[in-house]
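For reference, the structure discussed in these notes is given below.
Below, chains carry the letters A, B, ... as their sequence lines are ordered, and counting in each starts from 1.
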There are 2 protein chains.
Amino acid sequence: MLRSYQSVTTDIVIFTIEQEELKVLLIKRAKEPFKNKWALPGGFILENEEPEKAALRVLKNKAGVSNIYMEQLYTFPGSGRDPRGNVITITYFALAPTEKIKIQKSKETQTPTFYSLKKLPQLAFDHKKIITYALKRLRSKLEYTNVVYSLLPQFFTFNQLQEAYETILDRELDKRNFRKKFILLNLIRSTKKVHKGIRQRPAQLYQFISCRPTELKKFF
Amino acid sequence: MLRSYQSVTTDIVIFTIEQEELKVLLIKRAKEPFKNKWALPGGFILENEEPEKAALRVLKNKAGVSNIYMEQLYTFPGSGRDPRGNVITITYFALAPTEKIKIQKSKETQTPTFYSLKKLPQLAFDHKKIITYALKRLRSKLEYTNVVYSLLPQFFTFNQLQEAYETILDRELDKRNFRKKFILLNLIRSTKKVHKGIRQRPAQLYQFISCRPTELKKFF
DNA sequence: ATACTTAGTGTAACATAAACACTTAATAAA
DNA sequence: TTTATTAAGTGTTTATGTTACACTAAGTAT
């Protein structure tokens with residue numbers, strides 16, 4: 001008989017942009033293995049629970065968010081969460097603006113913390129690899145989808161939009177070319193609001209016409 | 001205690017090109033559920049077996065091939081292979097030239113058969129969805145990688161190469177532009193051999209400089 | 001009134017992509 | 001051996017998209 005049963009976990013790479021840095025949510029593990037090491041939020045998938053549901057549950061419990069952008073990343077073998085080694089982990093990546101995230105300090109004091117991708121601590125399991133994979137996916141998604149909407153507030157300036165791109169791609173973009181291209185894409189519309197309360201010329205605020213994941217022909 | 005155990009399967013979309021058609025390998029199920037329906041080759045992942053190893057095992061048993069291009073596609077929930085519903089399937093897609101594939105008629109007489117994507121029979125589980133997903137991935141991979149090498153024989157004519165693209169993308173390409181672009185990519189080299197035994201002017205034979213998956217800047 | 005800071009805008013050069021038709025080299029048939 | 005047939009092979013022009021680049025405008029603070 002071929003059938004066997006595996007222990008299946010999920011791990012989530014939750015990205016946000018804070019202070020012009022791309023950050024990822026990590027928790028300090030309270031249990032063995034890798035006790036006291038930093039790791040991605042995750043956990044076992046329950047009986048009869050769909051993997052995506054499990055990921056959403058983790059997102060809710062660890063980051064206090066629901067209703068944000070999330071997609072499956074990859075299924076990795078044996079992350080080692082189960083001491084017997086017989087485990088796979090289905091990974092997801094999620095994007096949310098910082099304001100939406102309400103970190104849940106759990107009873108196990110796992111101290112969830114956003115770390116800049118440029119200053120990651122040592123990570124448990126193969127979570128470094130997973131984050132690298134997620135970053136690659138995020139970068140390429142920026143180029144042919146509108147997912148950036150999920151990292152920005154409802155109303156934003158053109159500069160905030162450009163900074164999001166620059167932060168994630170880790171390179172500077174030309175202001176005029178960026179605006180030209182983005183306007184042609186027809187993804188955002190200008191509102192009558194302006195960004196006030198700063199001491200310079202106020203910037204016009206924009207919003208996304210649609211906040212659903214959409215694939216574009218080409219992009220950046 | 002959160003830990004639970006899931007029944008985990010793998011299903012593989014094996015593509016090949018035959019008679020200028022893109023085809024996928026299907027087997028007729030010998031058991032319930034979906035007995036006598038067509039389905040992707042697949043099976044349960046064994047105790048302590050890595051998912052990719054399981055996929056390679058299926059590839060070997062059902063299509064008689066090893067050492068061909070294969071990559072993970074997506075992990076789907078509950079394909080229904082386990083009657084209790086508590087199952088996930090890790091899917092892969094593989095590419096091989098027809099010559100390499102030696103279909104194994106198994107004792108269970110599962111009659112593995114290549115079906116043109118344009119004439120698929122009714123499929124078991126959610127395998128239609130998986131094939132659609134695989135086709136999308138294959139098409140986009142054609143545009144930014146060199147994977148096409150895995151569908152062609154070692155030596156091939158420029159026309160065979162172009163036909164592979166046309167078959168998969170399901171649209172015609174301009175002969176001169178195609179050659180120009182492909183030559184610039186520097187992926188293939190011409191050999192001194194020619195394609196003989198046909199009644200027209202013999203075509204020069206080419207081979208890939210490297211047969212390892214490589215990502216390109218841009219493509220088609 | 002002036003200084004400061006970020007917002008906002010257009011054009012020219014360059015690179016890439018698309019459209020398009022004839023000559024060449026072999027085999028087969030007359 | 002000549003001619004017909006078939007696919008191989010090859011450049012140029014046009015259109016489109018991408019990159020590089022610098023000044024004026026509109027607010028706030030002093």
Side-chain angles (χ1 to χ4, degrees), chain A residues 17 19-20 139-140 142-146 152-153 155-167 169-207 215-220, chain B residues 17 19-20 139-140 142-146 152-153 155-167 169-207 215-220:
Chain A
I17 292 180
Q19 290 148 343
E20 300 194 24
R139 282 181 175 159
S140 77
L142 269 200
E143 307 205 344
Y144 70 95
T145 74
N146 63 348
L152 293 173
F155 298 102
F156 53 87
T157 67
F158 231 118
N159 257 25
Q160 283 179 282
L161 180 61
Q162 184 173 343
E163 274 169 16
Y165 270 84
E166 291 181 332
T167 301
L169 298 176
D170 199 26
R171 63 188 165 95
E172 293 195 353
L173 301 171
D174 180 90
K175 182 161 65 163
R176 277 172 293 190
N177 293 338
F178 181 87
R179 288 182 181 228
K180 232 184 307 174
K181 234 178 185 172
F182 222 98
I183 286 164
L184 273 178
L185 287 170
N186 224 41
L187 293 176
I188 56 177
R189 89 174 124 235
S190 69
T191 66
K192 303 230 165 82
K193 298 168 202 269
V194 289
H195 193 217
K196 299 199 90 173
I198 44 169
R199 82 174 173 300
Q200 316 83 350
R201 175 178 176 179
Q204 191 158 185
L205 290 175
Y206 290 80
Q207 65 182 330
E215 293 200 7
L216 312 166
K217 289 280 160 60
K218 257 183 207 177
F219 216 163
F220 285 91
Chain B
I17 292 179
Q19 288 148 344
E20 301 196 25
R139 283 182 174 157
S140 75
L142 269 200
E143 307 205 343
Y144 69 95
T145 74
N146 63 348
L152 294 172
F155 299 102
F156 54 88
T157 67
F158 232 117
N159 257 25
Q160 284 178 283
L161 179 61
Q162 183 173 344
E163 275 169 15
Y165 270 83
E166 292 181 330
T167 301
L169 298 177
D170 199 25
R171 63 188 165 95
E172 294 195 353
L173 300 171
D174 180 272
K175 181 160 65 162
R176 277 172 293 187
N177 292 338
F178 182 87
R179 288 184 180 226
K180 232 183 305 174
K181 233 174 181 173
F182 222 98
I183 286 164
L184 274 178
L185 288 170
N186 225 39
L187 293 176
I188 57 177
R189 90 174 122 236
S190 69
T191 66
K192 303 232 166 81
K193 300 167 199 266
V194 288
H195 193 216
K196 299 198 90 173
I198 43 172
R199 82 173 175 300
Q200 317 81 350
R201 175 178 176 179
Q204 190 157 189
L205 290 175
Y206 289 80
Q207 64 182 329
E215 294 200 7
L216 312 167
K217 289 279 160 62
K218 258 182 208 179
F219 217 163
F220 285 91

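His195(B) has its NE2 atom 14 Å from the C1' atom of dT6(D), to the nearest Å. Between the P atom of dT23(C) and the NZ atom of Lys175(B) lies a distance of 14 Å, rounded to the nearest Å. If you take CZ of Phe156(A) and P of dA7(C), they are 14 Å apart, rounded to a whole angstrom. At whole-Å resolution of the value, CD in Gln160(B) and C1' in dA8(D) are 13 Å apart. Atom CD of Gln162(A) and atom C1' of dG8(C) are 12 Å apart (whole Å). The nearest whole Å value for the distance from the CG atom in Leu173(A) to the P atom in dA20(D) is 11 Å. Rounded to a whole Å, the CZ atom of Phe182(B) is 14 Å from the P atom of dA17(C). To the nearest angstrom, P of dA18(C) lies 8 Å from CZ of Arg171(B).
For Ala203(A), taking side-chain heavy atoms from C-beta onward, the closest of the listed nucleotides dG8(C), dT19(D), dG9(D) is dG8(C). Side-chain proximity of Arg199(A) to the nucleotides dT28(D), dG8(C), dT6(C) is greatest for dT28(D). Side chain of Pro202(B), nearest nucleotide from dA19(C), dA8(D), dA25(C): dA25(C).
A sub-4.0 Å separation between OP1 or OP2 of dA8(D) and a side-chain N or O of Asn159(B) is present. In this structure, Arg179(B) reaches the dG9(D) phosphate: one of its side-chain N or O atoms is under 4.0 Å from OP1 or OP2.
The closest side-chain heavy-atom distance from Leu216(B) to Thr145(B) is not below 4.5 Å. Between His195(A) and Asn159(A) there is no side-chain heavy-atom pair separated by less than 4.5 Å. You'll find the side chain of Arg189(B) reaches within 4.5 Å of the side chain of Gln207(B), heavy atoms only. Taking 4.5 Å as the limit, some side-chain heavy atom of Ile188(A) sits within range of a side-chain heavy atom of Leu161(A).
Taking for each of Tyr206(A) and Arg176(B) the nucleotide of DNA chain C with the nearest heavy atom, the 5'-most of the two is the partner of Tyr206(A).
If you check distances only, the side chain of Lys180(B) does reach the base of dT12(D) with a donor-acceptor pair under 3.5 Å. The base of dA25(D) lies close enough to the side chain of Arg201(A) for a donor and an acceptor atom to sit less than 3.5 Å apart.
Under the 6.0 Å cut-off for aromatic ring centres, Tyr206(B) and Phe158(B) qualify, their centroids lying closer than that.
Asp174(A) comes within 4.0 angstrom of a nucleotide base, judged by non-hydrogen atoms across all strands.
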